[in-house]
Amino acid sequence: MIDLKYLQNNFEDASSKLQKKGVDTAILEKLQELFTALKAANATLESMKAEQNSMSKLFGQYKREGKDISELKAKVDANKEAMVPVQEKAREAEEALYSVALAMPNFPDDSVPEGADEEDNVELRKVLEPRSFDFKPKEHWELSEINGWIDFERGVKLAKSRFAILKGEASRLERALINFFLDTNRAKGFEEYSVPFINNATMLQGTGQLPKFGDDLFKIEDEDLYLIPTAEVPLTNMYNDEILSEKELPLLMTGYTPCFRKEAGSAGRDTRGIIRQHQFNKVEMVAIAHPDKSEEVFDLMVQNASDILTALGLPHRVVELCGGDLGFSAATTIDLEVWLPGQNQYREISSISNTRDFQARRAKIRFKDGKKNRLVHTLNGSALAVGRTIVAIMENYQNEDGTIEIPEVLKKYM
RNA sequence: CGGGAGAUGUCAGAGUGGUCGAAUGUGCCGGUCUUGAAAACCGGUGAGGGUUAUACCUCCGGGGGUUCGAAUCCCCCUCUCCCGGCCA
C-alpha cells in the first residue's frame, strides 16, 4: 500500500509519480478525501469513547462511596446511544478508504522510464551473442514432438487446457535445473526454503495479489486459501506482521515452488507450447532489506539471475521496465529476456522487482531502527522460471535433426 | 474426522467484572562496580492510531454478544497440545 500520509502532504509529487503507471489524478483526490474523512470520523468517535471511558470509571468510585448512580447511568446510556451512528460512520469510512487504497499501485521510482507498454521498455545491455544457425531453428513444440518431451494432450486430459506433462529427458532436465538454480542461489548467500504451496488471503493481500487480482488466482473451495502464483508470496510473508532486528538484515531467501495462475485475460496469447501455463515451476529469490540498502540487494539479484543464464550459455538481454509496464507492487523492475532462436525473439525469463516499502506496509514487516520501528524493503525475482528455461535450452541447443544438447553445467545434475 | 485441555508481553507465567496494557521471573538495552567479563545492584524495555509534544483511542488468538464497564462472563471460528480414527 502506498503511504497515505505522503500522498496527503505531497499530493503533486505523488500524483505525478502515479501518472507514470497510468493512474488518474481524480482517483487520488478521492483517496485523499477518504483519508481525511476517516481521520475526522475517528477523531469524533475517539473523543466520545474517551468520555464514555471516564464516566464508566466513576461507577467504581461511586459504588465504593455509596453514592447514587442512576443519574450517571442515564448520562452514560445517552452517550452510548449517540455513539452508535458515529461508530458506524467511522467503520464505513475505513472500509471506503481501504477498498480504494488497497487497489492503488505502488509509486514507481523517479528513475523509471516513461512509457505506456512493453514497447517503451529500455534495453540496458545484451549478454552473449545469439548463436548463428546454418539451418532454420525450430520452435520448442516442434522439437518436443521430435524428442517426445512434452505431452500436451494428456496434460489437458488430466486438468484442462494450458496444462502439460514433461516426459523422460525433459522431466529430468527440469529437475536438474531446479537443483542447479537452488545451488547457485545458495552459493550467493540465499538461504533455501521449502514452503507451503497454498497460502491464506491475508498473505496474498500482503504481497499485493489480493484484493485486486483475485481473478488470476486458483482458490480452494470453501476455504480461505489460494494456490500460490509465485514463491514470492510465502517467502515474503514468512515475516508478515513481524518486527525484525536490524542486524538480521538483509534476509536473502530462495525456494523452489510450482506456481499457479489462471492467466485470466491472456486468452489467445502463447497458446502453443509451454511458455504460458496454468502451472509452472520457478525458483524464486526474495529479499527483506534495510530501506537504505535495498538498491545493492537489487543489483545482486539482477546479477545473479543474469549469471545463471550466462552459465547455461543462454543469450539474453537486460531490460528496464517503463512505468506503464511495471507491475502493481513494483517501484522498479528489471526483466531478463532470453533469446529464443525458434521464435526469433527475446522472451521474459526472469523479472526482478524492488517493491520498496509497498509490500512491507501491507504485510506489516518492520525492523527496529534504534527505538523506532521502520518498514523494510522487500524485493523479489525469478532465478529462474524453469519451464521457460527448458524452452530456451531446447531452442538454443538444438541440432539440425531436432536432437537437443544438454548445457555443460547441467551434466553433473543429470 | 471424533473426545479432552489450552491460547496473556522475547519467553515462562500470574491475573475470573472497575484503579490491568497487565504481577513476578526471564531475555534484551543502558548504568554502577570491575583491568575486562561474569555475578550483584539500579534504571529502561509490546504494537497500531493520534498530537509540535502531551492528552486521548485501540489491541490479552480472531469475530460477535452481555454490561455503564470485559484479559476475566456467553456464543461462533481458528490454532496448539493430548487420546482415538484415517493416512504419505
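Proteins come first, then strands; the chains are lettered A, B, ... in the order of their sequence lines, and each starts at number 1. What you see is a predicted model, and the numbers here were worked out from it, not measured in a lab.
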* Asked: Under 3.5 Å, side chain of A/K17 to main-chain N/O of A/D109, donor-acceptor pair present?
  -> no
* Rounded distance in Å between the P positions of B/G46 and B/A22 -> 9 Å
* What distance, rounded to whole Å, do you find between the two C1' atoms, one in B/U26 and one in B/U35? -> 30 Å
* Asked: C1' atom, B/G27 versus B/C83: distance in rounded Å?
  -> 35 Å
* To do: Can you tell me, in whole Å, how much space there is between the P of B/G30 and that of B/A38?
  => 11 Å
* Structure fact -> Result for 5'-nearest mapping on RNA chain B, choosing between A/D241 and A/M55, is A/D241
* Asked: Rounded to whole angstroms, how far apart are CZ on A/R361 and P on B/G49?
  -> 10 Å
* **Nucleotide B/C29, atom P - distance to CG of A/D369 in whole Å** => 17 Å
* Asked: Are A/F328 and A/F358 close enough that their ring centers fall under 6.0 Å?
  -> yes
* Between A/N200 (CG) and B/G62 (C1'), how many Å, whole number? -> 12 Å
* Asked: So which heavy atom on A/A305 is nearest to which on A/L336, and how close?
  -> CB-CD1, 3.4 Å
* To do: Could you check how far CG of A/D224 sits from P of B/G62, rounded to whole Å?
  => 16 Å
* Between B/C68 atom C1' and A/E71 atom CD, what is the distance in whole Å? -> 14 Å
* To do: Establish, yes or no, whether the cationic atom of A/K262 lies under 6.0 Å from the six-membered ring centre of A/F218 and within 45° of the ring axis.
  => yes
* Structure fact -> pair_partner(B/G69), Watson-Crick or wobble, both distances < 3.5 Å, evaluates to none
* To do: Establish, with yes or no, whether the OP1 or OP2 oxygen of B/G48 is under 4.0 angstrom from a side-chain nitrogen or oxygen of A/R366.
  => yes
* Asked: For the rings on A/F107 and A/Y6, is their centre-to-centre separation under 6.0 Å?
  -> yes
* Those residues of residues 96-107 of chain A lying under 4.0 Å from RNA chain B by at least one heavy atom -> none
* Using both distances under 3.5 Å as the test, list the Watson-Crick or G-U wobble partner of B/U52, or none. => none
* To do: Would you mind classifying the nucleic acid contact of A/N373 as base, sugar-phosphate or nothing, using non-hydrogen atoms under 4.0 angstrom?
  => sugar-phosphate
* Asked: How close or far is atom P of B/C28 from atom CD of A/E248, stated in whole angstroms?
  -> 15 Å
* Please determine, for B/A22, whether a Watson-Crick or G-U wobble partner exists with both distances under 3.5 Å, and give it or none. => none
* To do: Name every residue in residues 40-53 of chain A that has at least one heavy atom under 4.0 Å from any atom of RNA chain B, in order of residue number, or write none if there are no such residues.
  => A/E46, A/K49, A/A50, A/Q52, A/N53
* Any strand is fair game: report the nucleotide pairing with B/A40 by Watson-Crick or G-U wobble, both distances under 3.5 Å, or none. => B/U32
* Would you check if the side chain of A/R361 reaches a backbone N or O of A/M1 as a donor-acceptor pair within less than 3.5 Å? => yes
* In whole angstroms, how far is the C1' atom of B/C57 from the CD atom of A/E94? -> 13 Å
* Asked: On a whole-Å scale, what distance lies between the C1' atoms belonging to B/G6 and B/C77?
  -> 16 Å
* To do: For B/U67, take OP1 and OP2 only and decide whether either is under 4.0 Å from a side-chain N or O of A/K80.
  => no
* Asked: How is A/I243 classified with respect to the nucleic acid when contacts are heavy atoms under 4.0 Å: base, sugar-phosphate, or nothing?
  -> sugar-phosphate
* Which residues share a side-chain hydrogen bond (donor to acceptor under 3.5 Å, both in side chains) with A/D401, sequence neighbours left out -> A/T403
* Distance between C1' atoms of B/U52 and B/U45 (Å, rounded) -> 25 Å
* To do: Could you tell me whether the phosphate oxygens of B/G50, OP1 or OP2, come under 4.0 Å of any side-chain nitrogen or oxygen in A/K5?
  => yes
* Looking only at side-chain N and O atoms, does A/K368 come under 4.0 Å of OP1 or OP2 in B/A47? -> yes
* Pair A/H290 and A/F367, ring centroids less than 6.0 Å apart -> yes
* **Inter-nucleotide P distance (B/U32, B/C82), Å rounded** => 48 Å
* Structure fact -> pair_partner(B/A47), Watson-Crick or wobble, both distances < 3.5 Å, evaluates to B/U58
* Does A/M83 reach the side chain of A/E88, with side-chain heavy atoms less than 4.5 Å apart? -> no
* What do the steps show when you test A/Q279 against A/C259 for side-chain contact (heavy atoms from CB on, under 4.5 Å), and what is the final call? -> CA-CA 5 Å; A/Q279 175 186 325; A/C259 303; over 6 Å; no
* Structure fact -> Residues A/E320 and A/S111: closest non-hydrogen pair is OE2-O, 4.0 Å
* Asked: Among A/D183, A/L173, A/V283, A/T389, which one satisfies side-chain contact (heavy atoms from CB on, under 4.5 Å) with A/I178?
  -> A/V283
* Please give the nucleotide sitting opposite B/G9 as a Watson-Crick or G-U wobble pair, both distances under 3.5 Å, or none. => none
* Structure fact -> Using Watson-Crick geometry (N1-N3 plus N6-O4 or O6-N4) or G-U wobble (N1-O2, O6-N3), each under 3.5 Å, B/C87 is paired with none
* To do: To the nearest Å, give me how far apart CD (A/E88) and P (B/G64) are.
  => 12 Å
* To do: Between A/K73 and A/L58, just flag the one whose closest nucleotide in RNA chain B comes earlier from the 5' side.
  => A/L58
* Using the P atom in both, what is the distance from B/G4 to B/G13, to the nearest Å? -> 24 Å
